[in-house]
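Only a predicted model underlies this, so the values are computations on that prediction, with no experimental measurement involved. Each chain gets a letter, A, B and so on, in the order the sequences are listed, and its residues count up from 1.
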Protein chains: 2
Amino acid sequence: MVRKIAERGDAIPALAEIFREHGFAGASLSEITKRTGLGKGSLYHFFPNGKEEMAQAVLDDVAGWFETNVFMPLRESEDPAAGIDQMFKAVIRFFHSGRRVCLVGTFALDDTRDRFASEIQSYFAVWTRVLAAALKRRGFDTRAARETAEDVVAGIQGALVLARAHDDSALFTRAMKRLHQRTKGVHRDRP
Amino acid sequence: MVRKIAERGDAIPALAEIFREHGFAGASLSEITKRTGLGKGSLYHFFPNGKEEMAQAVLDDVAGWFETNVFMPLRESEDPAAGIDQMFKAVIRFFHSGRRVCLVGTFALDDTRDRFASEIQSYFAVWTRVLAAALKRRGFDTRAARETAEDVVAGIQGALVLARAHDDSALFTRAMKRLHQRTKGVHRDRP
DNA sequence: CAGATTGTGTACCGTTCGGTACAGATCCTA
DNA sequence: TAGGATCTGTACCGAACGGTACACAATCTG
């Protein structure tokens with residue numbers, strides 16, 4: 001009757017999706033048991049601190065994914081342009097071309113932020129910092145690199161909001177293309 | 001014992017703030033009664049359909065504010081640059097320099113969007129459209145106007161996310177300055 | 001195979017949830 | 001000042017909430 005198959009990590013993708021869809025407050029235990037396939041017993045065995053610990057685990061998982069697939073390429077690519085290319089590829093893949101929302105952004109907007117302030121803060125801070133460094137290596141001066149990095153990270157978050165508001169993933173990919181272009185230096189709005 | 005002072009509209013600013021802070025799911029009736037000062041009786045007298053109707057009223061109110069303070073200036077200013085100036089002034093004021101979150105953006109991100117899909121969609125659609133028209137009048141060609149408008153609206157939403165993540169309103173005002181600059185035409189990232 | 005460790009289902013806890021019912025207070029109109 | 005319309009506090013509802021307790025099953029270790 002009992003399945004011993006489950007590991008803690010197996011639940012995390014489902015948990016992530018639930019928090020993305022409903023936010024922290026809206027993610028109910030009943031939905032969590034349903035979608036993870038884990039009963040309350042297992043859930044509280046793996047996450048003794050309940051929902052908060054589940055969300056924490058998801059945030060860690062996201063941070064790890066970004067570290068590997070976004071930050072590391074930005075830091076370690078010999079050619080900074082290649083690192084930035086990889087960043088955009090990874091972002092488009094991770095957010096399912098705008099059909100998937102940013103969990104950290106969602107948490108940042110409501111009072112959930114207070115529970116996970118440092119994780120949320122560092123997610124964006126690290127992203128902005130490593131992107132700015134890559135832009136600098138690419139020839140941007142310090143100030144322009146920092147500003148452009150901020151604009152790009154904000155632009156991605158904003159594009160996710162708009163894409164979801166319009167239920168239009170093409171909007172997202174178009175926005176990514178333009179942001180990518182901006183990382184290449186002088187940019188004209190009026191051709 | 002009973003105060004007859006209350007009008008439906010009096011509750012809306014408090015309701016808006018509550019939904020901004022907690023999202024739709026997280027906004028509990030107990031907090032709503034506390035912060036509006038209205039008992040359940042009054043609340044359900046003014047909003048027979050409960051929370052959903054309260055949120056609807058708040059969305060209408062926001063739409064009205066933007067119509068007056070953002071969209072109308074963009075549409076009707078003789079000088080489109082002046083209209084855009086007014087837009088940024090209004091946005092900075094409305095969002096309290098980034099200390100206040102966008103209610104519509106918050107709703108857009110989680111499953112609350114499904115309840116208010118058309119209101120959310122049209123908020124962003126109208127904004128983008130009237131801004132693009134102003135940019136066109138300012139000399140942008142059709143395509144650049146549309147793209148820049150999309151980038152600016154997304155940029156504002158993203159800046160709100162980042163400002164709140166970092167609890168840093170200066171980040172928001174800086175971002176607004178740069179977005180404003182972009183509405184003035186050719187733009188350089190690498191000076 | 002014994003015994004600890006790990007994982008799981010179920011019943012249950014008190015609390016809070018959104019929402020309803022309704023008597024009565026207050027206000028508006030005439 | 002009468003009487004209807006509008007507003008409000010309170011008591012209450014069933015359901016769902018997050019979380020706990022615990023017996024027991026599966027697995028791992030020796």
Side-chain angles (χ1 to χ4, degrees), chain A residues 1-59 61 103 106-107 110-116, chain B residues 1-59 61 103 106-107 110-116:
Chain A
M1 173 209 279
V2 180
R3 311 270 167 70
K4 175 66 172 307
I5 338 163
E7 295 196 24
R8 190 185 133 113
D10 296 342
I12 288 181
L15 287 171
E17 229 46 55
I18 294 168
F19 284 127
R20 268 187 263 269
E21 289 170 23
H22 303 288
F24 183 78
S28 72
L29 279 192
S30 77
E31 172 123 19
I32 291 173
T33 56
K34 204 178 301 168
R35 306 237 321 241
T36 58
L38 261 39
K40 286 191 175 189
S42 307
L43 239 20
Y44 276 83
H45 174 70
F46 291 129
F47 308 97
N49 263 335
K51 257 172 69 164
E52 176 133 3
E53 192 168 348
M54 300 178 206
Q56 190 62 250
V58 169
L59 284 172
D61 188 66
L103 181 92
T106 307
F107 280 11
D110 65 22
D111 58 346
T112 309
R113 185 204 54 169
D114 305 334
R115 289 171 181 264
F116 306 108
Chain B
M1 172 211 278
V2 181
R3 312 270 166 71
K4 176 63 174 311
I5 339 164
E7 294 196 26
R8 190 185 134 114
D10 296 342
I12 289 181
L15 286 171
E17 228 48 54
I18 294 169
F19 284 126
R20 268 187 264 269
E21 288 170 23
H22 304 288
F24 183 78
S28 72
L29 279 193
S30 76
E31 173 123 17
I32 291 174
T33 56
K34 204 178 303 169
R35 306 240 318 242
T36 59
L38 261 38
K40 285 191 175 189
S42 307
L43 240 20
Y44 275 83
H45 174 71
F46 292 128
F47 307 97
N49 263 335
K51 255 171 72 163
E52 176 132 4
E53 193 168 346
M54 299 178 207
Q56 189 62 251
V58 170
L59 284 172
D61 188 66
L103 180 93
T106 308
F107 280 12
D110 65 23
D111 59 346
T112 309
R113 187 204 53 169
D114 304 334
R115 290 172 181 263
F116 306 108

**Message:** Does Ala25(B) reach a base, just sugar-phosphate, or nothing at all? Heavy atoms under 4.0 Å.
**Reply:** nothing

**Asked** Over how many whole Å does the gap from Glu7(A) atom CD to dT5(C) atom P extend?
**Response** 19 Å

**Request:** Report the residues that fulfil ring pair (Phe, Tyr, Trp, His ring centres under 6.0 Å) with Phe116(B), sequence neighbours left out, ordered by chain and then residue number.
**Result:** Phe24(B), Phe107(B)

**Request:** In whole angstrom, give the distance that lies between atom CZ of Phe46(A) and atom P of dT5(C).
**Result:** 17 Å

**Item:** Rounded distance in Å - CG (Leu43(A)) to C1' (dC17(D))
**Value:** 14 Å

**Asked** Taking Ser42(A) for the side chain and Leu38(A) for the main chain, is one N or O donor matched with an acceptor at less than 3.5 Å?
**Response** no

**Message:** Between P on dG18(D) and CG on Leu38(A), what's the gap in Å once rounded to a whole number?
**Reply:** 16 Å

**Message:** Without decimals, in angstroms, what is the distance between His22(B) NE2 and dC17(C) P?
**Reply:** 11 Å

**Fill in**
Those residues at least two apart in sequence (or on a different chain) that pass salt bridge (charged side-chain N to carboxylate O under 4.0 Å, His left out) with Glu21(A) are Arg35(A)

**Item:** For atom CZ of Arg8(B) and atom P of dT8(D), their distance in whole Å
**Value:** 14 Å

**Message:** Can you tell me which nucleotide in dG9(D), dG18(C), dC17(D) comes closest to the side chain of Ser42(B)?
**Reply:** dG9(D)

**Item:** Partner residues of Thr112(A) under the side chain to side chain donor-acceptor pair (under 3.5 Å) criterion, sequence neighbours left out
**Value:** Asp110(A)

**Message:** Tell me whether the side-chain N/O atoms of His45(B) come closer than 4.0 Å to OP1 or OP2 in dC7(D).
**Reply:** yes

Listing time: all N or O pairs from protein to nucleotides 19-23 of chain C that are below 3.5 Å?
residue	atom	partner	partner atom	Å
dG19(C)	OP2	Tyr44(B)	OH	2.7
dG19(C)	OP2	Lys51(B)	N	3.3
dG19(C)	O5'	Tyr44(B)	OH	3.2
dG19(C)	N7	Lys40(B)	NZ	3.0
dG19(C)	O6	Lys40(B)	NZ	2.0

**Item:** Nucleotide of dT6(C), dC17(D), dC17(C) approaching Ser28(B) most closely (side-chain heavy atoms)
**Value:** dC17(C)

**Message:** My understanding is that only residues two or more places apart in sequence, or in another chain, count here; which of them pass side chain to side chain donor-acceptor pair (under 3.5 Å) with Ser28(B)?
**Reply:** Ser30(B)

**Complete:** For Asp111(A), the side chain to side chain donor-acceptor pair (under 3.5 Å) test, sequence neighbours excluded, returns His22(B)

**Message:** Please report the distance, rounded to the nearest Å, between CD in Glu31(A) and P in dG18(D).
**Reply:** 11 Å

**Asked** Within this structure, what is the NZ-to-C1' distance between Lys34(A) and dG18(D), rounded to whole angstrom?
**Response** 16 Å

**Message:** Between the side chains of Glu31(B) and Lys34(B), is the shortest nitrogen-to-carboxylate-oxygen separation below 4.0 Å, so that they form an ion pair?
**Reply:** no

